[in-house]
Amino acid sequence: MIHLDVTIMGQPYRLACRDGEERTLREAVAYLDGKMCQLRDSGKVKGTDRIAVMAALSVAAEFLSVKSPQGPLSDMSILEVKQKLEAMHTVLDKALTPQENLF
């Protein structure tokens, strides 16, 4: 196992990976960092937890559309995917807001 020190949205993390997988992990970190920073900078999403969830949903939608072109997302346009993600964001806002008030 190899340990890599990376930064995601300004926060340091130490991640482990197998020998020979460092490049792939660094690329994944850079991609996720880009998604999360883009969401944060848009000003539409507040809170690291929400940003992480929205980034994960975005990456998952991208993955599913590439992984399974004949799957459930294949008949959806990019606009429809964005609309679904925005709807999920609204649901997450409603669900997470009461939790934020606890801290």
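Residues satisfying the side chain to side chain contact (heavy atoms under 4.5 Å, CB included) criterion with R23, sequence neighbours excluded, are E27.
At least one side-chain heavy atom of E22 sits less than 4.5 Å from a side-chain heavy atom of C17. No side-chain heavy atom of T7 sits under 4.5 Å from any side-chain heavy atom of Y13. Contact annotation: the side chain of L4 approaches that of I2 to within less than 4.5 Å [non-hydrogen atoms, C-beta and beyond].
Contact detail for M9 and D33: the closest heavy-atom pair is N-OD1, 2.5 Å. Closest approach of A55 and L32 over heavy atoms only: CB-CD1, 4.0 Å. A pairwise comparison of heavy atoms in T48 and M36 identifies O-CE, 4.5 Å as the closest pair.
None of R40, Q38, K44 except one satisfies the side chain to side chain contact (heavy atoms under 4.5 Å, CB included) rule with S42; the exception is K44.
With respect to E62 and K35, a salt bridge is recorded, a charged nitrogen being found less than 4.0 Å from a carboxylate O.
If you take CE on M54 and CG on L39, they are separated by 6.5 Å, rounding to the nearest 0.5 Å.
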task = Applying side-chain contact (heavy atoms from CB on, under 4.5 Å), run through V59 and Y31 and close with a yes or a no.
result = CA-CA 9 Å; V59 170; Y31 189 74; 3.9 Å; yes
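Enclosure of atom CZ in R18 is not indicated, since only 12 or fewer non-hydrogen atoms of other residues, nucleotides or ligands lie within 6.0 angstrom.
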